[in-house]
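Report on the following structure.
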2 protein chains.
Amino acid sequence: MTLRHAVLGLLAEAPGSGYDLLKRFETAMANVWSATQSQLYGELGKLEKSGLIEVVSEGPRGRKEYAITGEGRAELRAWLLEPWAPPSPRSETLLRIYFLGEVAPVQAREYVRRYAESADELAGHLASIDESVDWDDSDSAVFGRLVLEWGKRHAAMEREWADWAVERIRTARG
Amino acid sequence: MTLRHAVLGLLAEAPGSGYDLLKRFETAMANVWSATQSQLYGELGKLEKSGLIEVVSEGPRGRKEYAITGEGRAELRAWLLEPWAPPSPRSETLLRIYFLGEVAPVQAREYVRRYAESADELAGHLASIDESVDWDDSDSAVFGRLVLEWGKRHAAMEREWADWAVERIRTARG
DNA sequence: GAGCCCATGTAATAAGTTACATGATTGT
DNA sequence: ACAATCATGTAACTTATTACATGGGCTC
């Protein structure tokens with residue numbers, strides 16, 4: 001039930017069509033949550049049926065612009081305040097690293113090096129988002145920057161860890 | 001197809017029953033991947049049927065000890081060397097933070113404070129794992145420590161970020 | 001014999017991915 | 001006219017969660 005709330009949150013910021021939301025998932029939210037086109041349209045249908053969002057206008061090409069309803073906003077707030085437990089982590093990348101003893105040390109180092117590269121790419125991507133977004137002093141901008149900063153710090157941590165790890169693998173096995 | 005490889009990897013380290021593996025998911029792998037009991041037994045059945053693992057002995061209470069086969073080990077290595085793309089991040093916690101502008105600043109700060117606490121708890125948990133595990137100089141110990149270190153750095157980053165974020169929310173809105 | 005752990009399995013549901021399928025509008 | 005982008009939807013499949021269901025063995 002998380003995509004549900006991601007959609008409600010985006011529509012609470014500003015109304016939009018499925019297509020619009022998809023773009024927002026790919027850019028500002030890329031750091032945070034993702035959705036496929038298929039899943040998104042399905043969820044919009046369900047949310048409308050349950051009255052949490054509504055169609056506010058129809059445009060060309062069957063475009064339907066959705067907006068959050070009062071009920072939807074109430075649901076969003078309830079979700080934000082509800083007691084939560086951090087979900088158990090699930091990282092395919094870390095899983096591979098955990099088992100890297102199964103392959104030759106050279107290959108293991110190479111894997112970690114690629115990991116470092118992708119951390120750098122992510123850092124670059126986040127930096128470009130930071131530049132392209134027009135940060136005002138609205139609530140969403142404040143928290144958007146918080147989340148962006150989280151991503152930057154995360155990418156930096158990954159980079160540093162990877163450098164350290166490559167060295168560690170070298171000294172452990174040559 | 002990731003649980004599949006998590007199971008293969010664990011059985012490559014040492015044979016075990018479903019129950020054993022479940023324990024290992026909850027302890028050493030807690031940082032990395034998780035599985036429910038239900039999912040695990042299902043996957044063990046499928047892996048056995050496809051010949052990637054086999055039952056090596058049966059014990060009391062219907063206990064079945066599984067071991068990885070040659071074919072299974074080959075599959076594990078292929079997976080480790082296969083080209084990969086980092087999966088799109090999906091963090092319910094960050095998602096909530098992203099939308100925290102919907103609730104009162106006091107509540108937002110409180111949320112971030114709880115986040116910091118859970119980062120500390122994670123750090124403590126990882127430290128206790130580090131102490132309780134008997135690290136030899138095997139491959140799996142080398143990479144196990146790498147992954148554990150990743151977790152420690154991650155927890156530290158979250159803690160620092162949260163402190164900074166609380167301050168940021170305070171100055172932005174009082 | 002009571003309680004705790006060991007041990008496995010099934011069924012129903014929810015969530016997410018990939019592929020398929022279609023078509024209108026806009027800008028050049 | 002052509003290409004790019006806008007725009008929505010369905011079907012089949014895989015993955016993961018929650019709840020149900022059962023029972024043996026060990027220790028005190």
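What you see is a predicted model, and the numbers here were worked out from it, not measured in a lab.
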Set of side-chain hydrogen bond (donor to acceptor under 3.5 Å, both in side chains) partners for A/D120, sequence neighbours left out
A/R159
To the nearest angstrom, how far is A/L22 atom CG from D/dC6 atom P?
11 Å
Can you check whether B/K46 has a side-chain N or O nearer than 4.0 Å to OP1 or OP2 of D/dT14?
no
Tell me every residue that passes salt bridge (charged side-chain N to carboxylate O under 4.0 Å, His left out) with A/E65, counting only those two or more places apart in sequence or in another chain.
A/R63
What is the separation between atom CD on B/E26 and atom C1' on C/dC6, rounded to the nearest whole Å?
13 Å
Qualifying residue for side chain to side chain contact (heavy atoms under 4.5 Å, CB included) with A/R73, from A/L11, A/L52, A/I68:
A/I68
By nearest heavy atom, map A/P60 and A/T2 onto DNA chain C; which one lands nearer the 5' end?
A/T2
May I ask you to evaluate whether B/K23 reaches the phosphate of C/dC6, defined as a side-chain N or O under 4.0 Å from OP1 or OP2?
yes
Under 3.5 Å donor-acceptor pairs involving side-chain atoms of residues 37-48 of chain B, not counting sequence neighbours:
from: B/Y41; atom 1: OH; to: B/Y19; atom 2: N; distance (Å): 3.4
from: B/E43; atom 1: OE2; to: B/R4; atom 2: NH1; distance (Å): 3.2

Residues of residues 34-42 of chain A with any non-hydrogen atom less than 4.0 angstrom from an atom of DNA chain C: list those, numerically ordered, please.
A/T36, A/S38, A/Q39
So that I know where these two stand, are B/Y115 and B/W161 an aromatic pair - ring centroids less than 6.0 Å apart?
yes
B/E48 CD to C/dG9 P, straight-line distance once rounded to whole Å
9 Å
Closest to the A/R63 side chain: C/dA7, C/dG16, D/dA7?
D/dA7
Interatomic distance where CD belongs to A/E58 and C1' belongs to C/dT25 [whole Å]
17 Å
Determine the contact category for B/R90: base if any of its heavy atoms lies under 4.0 Å from a base atom, sugar-phosphate if only primed atoms, P, OP1 or OP2 are that close, otherwise nothing.
sugar-phosphate
Does the side chain of A/R61 get closer than 4.0 angstrom to OP1 or OP2 of C/dG23 through an N or O atom?
no
In whole angstrom, what separates A/R24's CZ from D/dC6's C1'?
17 Å
Roughly, in whole Å, what's the span from CE in A/M1 to P in D/dT18?
12 Å
note: A/H5, atom NE2; C/dG16, atom P; distance rounded to Å ~ 12 Å
Pairs meeting criterion salt bridge (Lys or Arg N to Asp or Glu O under 4.0 Å) with involvement of residues 22-39 of chain A, two or more places apart
A/E13-A/R24
Which salt bridge (Lys or Arg N to Asp or Glu O under 4.0 Å) pairs, counting each pair once, include a residue from residues 77-88 of chain A, with sequence neighbours left out?
A/R77-B/E102, A/E82-B/R96
In whole angstroms, how far is the C1' atom of C/dT8 from the CG atom of B/D20?
13 Å
